[in-house]
J.: 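My structure is below; once you've seen it, I'll send some questions.
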Amino acid sequence: MTLPIQENSPSSLGSLGAPLALRRTPRLDTGTPHDKRKEIALYFTNTFDTYTRLFDCLADDAGFYQKSIPLRHPLIFYLGHTATFFVNKLVLAKLLPERIDPRMESTFAVGVDEMSWDDLNDDHYDWPTVAEVMNYRNKVRDRVLELIDTLPMALPINWESPWWPIVMGIEHERIHLETSSVLIRQHDLARVRPQPLWAPNRETGEAPANELITVPGGDIRIGKPYDDAYYGWDNEYGEHKASVEAFKASQFLVSNQEFLEFVENGGYEQDAYWTEEGRSWRQFAEAKHPTFWRWHNSWHLRLMTEEVDMPWDWPVEVNYHEAKAFCEWKREQTGQPIRLPTEDE
């Protein structure tokens, strides 16, 4: 998520560019069944194959078994997990009469999120080889395509449709396309290699001067209607209405250049800027600057498979704790009520 710093906020996750031509999420209520079946097949293979190609960024098989960060499984788990998700959902929906590989579907089912602020217990895992997981992914790919080719089709596709688990699996894999790319970005640089299909955006220039601008107040409505034409996760549905008063937000996302002043002023050492949870995270992570900043006689930025000279005009990439601490520091520096935005704002 990218947030403007405002009197009301700062924080951002900058985009590093889209390496492959990903197909757009399909509408689920228009067209003919024949055309929709073809569209979903293309959407599935585009997503599934793009995710598989993401792991080309690992330099060798050893990189699949070395953790990027202590809180998460090694990348071999995430290679297998998205395929297992398809199978588990399709078995649950009785669209598959039996499992494809019970061992894989047990190994890769659970453990996606950060488990705790302690190392995961590696004693319980006997990971399969990369070749075995790739072979498993190919079997799942073939089975899903067979379902797409043969499953009765009626529009619109909604929660009650047997097609819903298939679309769910595709959207789930798209989530992991982003999160697994971050894990590769957090990996040991010696374990990754640049790939032409995943070349980053290299455009950079002078960081813009930032200022607060007025955002008019008004009424907002958040939530996805139940008859929406596109796939949605359960927590997206429903409706929330609110009236928002006028506020001020920064004209631009907070840049690396703007955040540098916080770093150089000792913002990571001053407990007063941090919440109790933020201090705990900072101590655990031993954070002294944003995660992807690197110091080699000057500041550099870690991209997915390389380090580059710091692009000072790019949005700074920080978590909630860092963003909130930056706001507290900015409030002290400017005398203005700088804070993170509310969801409604």
J.: Centroid separation under 6.0 Å, is that true for the rings of Y268 and F262?
T.: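 Between F262 and Y268, the centre distance is under 6.0 Å.
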J.: Looking at E146 and R143, is any side-chain nitrogen of the basic one under 4.0 Å from a carboxylate oxygen of the acidic one?
T.: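 Here R143 pairs with E146 in a salt bridge, since their nearest N and O are under 4.0 Å apart.
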J.: Can the ring centres of Y43 and Y231 be said to be less than 6.0 Å apart?
T.: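 Centroid separation for Y43 and Y231: 6.0 Å or greater.
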J.: Say you draw a straight line from CZ of F48 to CG of N138; how long is it, rounded to the nearest 0.5 Å?
T.: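 If we round to the nearest 0.5 Å, F48:CZ and N138:CG are 7.5 Å apart.
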J.: Compute the ring centroids of H289 and W295, then answer whether they are less than 6.0 Å apart.
T.: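 Centroid distance H289-W295: not below 6.0 Å, so no.
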J.: To the nearest 0.5 Å, how far apart are OG1 in T107 and CG in D126?
T.: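 Nearest 0.5 Å value for the OG1-CG distance: 8.0 Å.
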J.: Rounded to the nearest 0.5 Å, what separation is found between the CZ atom of R37 and the CG atom of D149?
T.: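 Answer for the CZ-CG pair, R37 versus D149, is 6.5 Å.
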J.: In terms of heavy-atom contacts, does NE2 of H296 have more than 12 from other residues, nucleotides or ligands at under 6.0 Å?
T.: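 Check passes, neighbour count above 12.
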J.: Look at D101 together with R103 and state whether they make a salt bridge at an N to O cut-off of under 4.0 Å.
T.: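 A salt bridge is absent here (no side-chain N lies under 4.0 Å from a carboxylate O).
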J.: Got L189 and R302 here, is their nearest side-chain heavy-atom distance under 4.5 Å?
T.: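 Yes, side chains in contact.
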J.: Would the F292 and W314 ring centres measure less than 6.0 Å apart?
T.: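 Not under 6.0 Å, so no.
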J.: The test is side chain to side chain contact (heavy atoms under 4.5 Å, CB included); show your working for W329 and Q270 and say whether it passes.
T.: CA-CA 9 Å; W329 171 80; Q270 300 296 320; over 6 Å; no
J.: Supply the atom-to-atom distance F86 CZ to R137 CZ, rounded to the nearest 0.5 angstrom.
T.: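 Reported to 0.5 Å precision, the distance equals 8.5 Å.
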J.: Measure across W163 and I148 and return the closest heavy-atom pair with its distance rounded to 0.1 Å.
T.: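 For W163 and I148, the tightest heavy-atom pair comes out as CH2-O, 3.2 Å.
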J.: How about M134 and T52: do any of their side-chain heavy atoms sit closer than 4.5 Å?
T.: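 Result yes, sub-4.5 Å side-chain heavy-atom pair found.
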J.: State the CG-OH distance between L79 and Y136, to the nearest 0.5 angstrom.
T.: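 Rounded to the nearest 0.5 Å, the CG-OH separation comes to 11.0 Å.
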J.: Is there a donor-acceptor contact under 3.5 Å from the side chain of R221 to the main chain of K241?
T.: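 No, because the side chain of R221 does not come within donor-acceptor range (under 3.5 Å) of the backbone of K241.
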J.: For the residue pair M310 and H300, what are the closest heavy atoms and their distance?
T.: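 Closest pair (atom of M310, atom of H300, distance): CE-O, 3.3 Å.
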J.: Taking the side chain from R193 and the backbone from A190, do they hold a donor-acceptor pair closer than 3.5 Å?
T.: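 No, R193 side chain to A190 backbone: no donor-acceptor pair under 3.5 Å.
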J.: Apply the test side chain to side chain contact (heavy atoms under 4.5 Å, CB included) to residues L75 and L58: give CA-CA distance (whole Å), side-chain angles for both, the deciding distance (0.1 Å), then the verdict.
T.: CA-CA 9 Å; L75 282 160; L58 296 181; 3.8 Å; yes
J.: Consider only side-chain N and O atoms of W293 and N256, and report whether a donor and an acceptor are under 3.5 Å apart.
T.: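 On atom types as modelled, these side chains qualify, holding a pair under 3.5 Å.
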J.: Could you tell me which residues satisfy side-chain hydrogen bond (donor to acceptor under 3.5 Å, both in side chains) with D228, sequence neighbours excluded, listed by chain and number?
T.: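 side-chain hydrogen bond (donor to acceptor under 3.5 Å, both in side chains) list for D228, sorted by chain: K224.
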J.: Between V244 and T342, is the side chain to side chain contact (heavy atoms under 4.5 Å, CB included) condition met? List the steps.
T.: CA-CA 10 Å; V244 179; T342 66; 5.8 Å; no
J.: Would you say I213 ends up clustered with L340 if hydrophobic residues are merged whenever their side chains have heavy atoms under 4.5 Å apart, either directly or through other cluster members?
T.: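 As far as the 4.5 Å side-chain criterion goes, I213 and L340 are not connected within one cluster.
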J.: Can you confirm whether or not the ring centre of W281 sits under 6.0 Å from the ring centre of F284?
T.: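 They do not qualify: ring centres at least 6.0 Å apart.
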J.: Determine whether F85 and E173 make a side-chain contact, defined as any pair of heavy atoms from C-beta on separated by less than 4.5 Å.
T.: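 With C-beta onward as the side chain, the pair stays apart.
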J.: How far apart are the C-alpha atoms of M168 and W233, what are their side-chain angles, what is the distance that settles it, and do they pass the side chain to side chain contact (heavy atoms under 4.5 Å, CB included) test?
T.: CA-CA 8 Å; M168 177 189 293; W233 298 98; 3.7 Å; yes
J.: Linking I/L/V/M/F/W/Y whenever their side-chain heavy atoms sit closer than 4.5 Å, directly or via other members, would L42 and Y51 fall into one cluster?
T.: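 The answer is no; the residues belong to distinct hydrophobic clusters.
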J.: Measure the shortest side-chain to side-chain distance between P156 and L28 over non-hydrogen atoms and say whether it is less than 4.5 angstrom.
T.: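 No. Closest side-chain heavy atoms not under 4.5 Å.
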J.: Do L145 and L95 share a hydrophobic cluster, counting only Ile, Leu, Val, Met, Phe, Trp and Tyr and linking them when any side-chain heavy atoms are less than 4.5 Å apart?
T.: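 Linked, L145 and L95 end up in one cluster.
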J.: List the atom of V133, the atom of P128, and the distance in Å for their closest heavy-atom pair.
T.: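 Taking V133 first and P128 second, the nearest heavy atoms are CG2-CG, 3.6 Å.
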J.: Give the intermediate values and the outcome of side-chain hydrogen bond (donor to acceptor under 3.5 Å, both in side chains) for residues N46 and R174.
T.: CA-CA 10 Å; N46 174 248; R174 290 210 164 195; 3.3 Å; yes
J.: With a 4.5 Å cut-off on side-chain heavy atoms, are L177 and T82 touching?
T.: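 Side chain of T82 against side chain of L177, heavy atoms only: no contact under 4.5 Å found.
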J.: Between F77 and K67, is any pair of side-chain heavy atoms under 4.5 Å apart?
T.: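 Counting from C-beta outward, F77 and K67 never come under 4.5 Å.
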J.: Considering residues, nucleotides and ligands other than Q283, do more than 12 of their heavy atoms fall under 6.0 Å from its CD?
T.: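 Not buried by this count: 12 neighbours or fewer within 6.0 Å.
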J.: With side chains defined as the heavy atoms from C-beta onward, is the minimum distance between I338 and F326 less than 4.5 Å?
T.: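 They are not in side-chain contact.
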J.: Kindly assign one of parallel, tilted or perpendicular to the pair H73 and Y78, based on the angle between their ring planes and the thresholds 30° and 60°.
T.: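 Plane angle between 30° and 60°, so tilted.
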J.: Run the salt-bridge test on E317 and R185 with the 4.0 Å N-O cut-off and return the result as yes or no.
T.: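 So E317 pairs with R185 through a salt bridge.
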J.: For the atom pair CD1 (I76) and CZ (F108), what is the distance rounded to the nearest 0.5 Å?
T.: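 So the gap between those two atoms works out to 5.5 Å.
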J.: Which atoms form the tightest heavy-atom contact between A83 and V140, and what is the distance?
T.: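 Smallest interatomic distance, heavy atoms only, reads O-CG1, 3.8 Å.
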J.: Under a 4.5 Å side-chain heavy-atom rule over Ile, Leu, Val, Met, Phe, Trp and Tyr, are W159 and I170 clustered together?
T.: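 The answer is yes; both residues are in one hydrophobic cluster.
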J.: For the pair E39 and K36, evaluate salt bridge (Lys or Arg N to Asp or Glu O under 4.0 Å) and give the outcome as yes or no after the intermediate values.
T.: CA-CA 5 Å; E39 184 180 11; K36 191 59 59 179; 2.8 Å; yes
J.: With a 3.5 Å cut-off and no angle check, do the side chains of E258 and N210 form a donor-acceptor pair?
T.: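 On atom types as modelled, these side chains qualify, holding a pair under 3.5 Å.
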J.: Can you tell me if Q186 and S68 form a side-chain donor-acceptor pair at under 3.5 Å?
T.: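 Looking only at side-chain atoms, S68 and Q186 do not form any donor-acceptor pair under 3.5 Å.
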J.: Should K89 and E171 count as an ion pair when the cut-off is N to O under 4.0 Å?
T.: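 Salt bridge absent between K89 and E171.
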J.: With distance as the sole test, does H187 use its side chain to make a donor-acceptor pair with the main-chain N or O of V192 at under 3.5 Å?
T.: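 No, H187 side chain to V192 backbone: no donor-acceptor pair under 3.5 Å.
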J.: Decide if atom CD of E206 counts as having more than 12 heavy atoms of other residues, nucleotides or ligands within a radius under 6.0 Å.
T.: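 Check fails, neighbour count at 12 or below.
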J.: Should we say atom CD of E269 is surrounded by more than 12 heavy atoms from elsewhere, each under 6.0 Å from it?
T.: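 Counting other residues, nucleotides and ligands, CD of E269 exceeds 12 neighbours.
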J.: What I'd like to find out is whether the side chain of D313 reaches to under 4.5 Å of the side chain of F252, using heavy atoms alone.
T.: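 A side-chain contact is absent here, since even the closest heavy-atom pair is not under 4.5 Å.
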J.: Determine the minimum heavy-atom distance between T305 and C57, stating which atoms define it.
T.: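 Nearest pair, atom of T305 first, then C57: CG2-CB, 3.9 Å.
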J.: Which pair of heavy atoms, one from W274 and one from G267, lies closest together, and at what distance?
T.: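 Looking at all heavy atoms of both residues, the closest pair is NE1-O, 2.8 Å.
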J.: Answer yes if L54 and L22 sit in the same cluster of Ile, Leu, Val, Met, Phe, Trp and Tyr residues linked by side chain heavy atoms under 4.5 Å apart, and no otherwise.
T.: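 Yes: a chain of side-chain contacts under 4.5 Å links L54 to L22.
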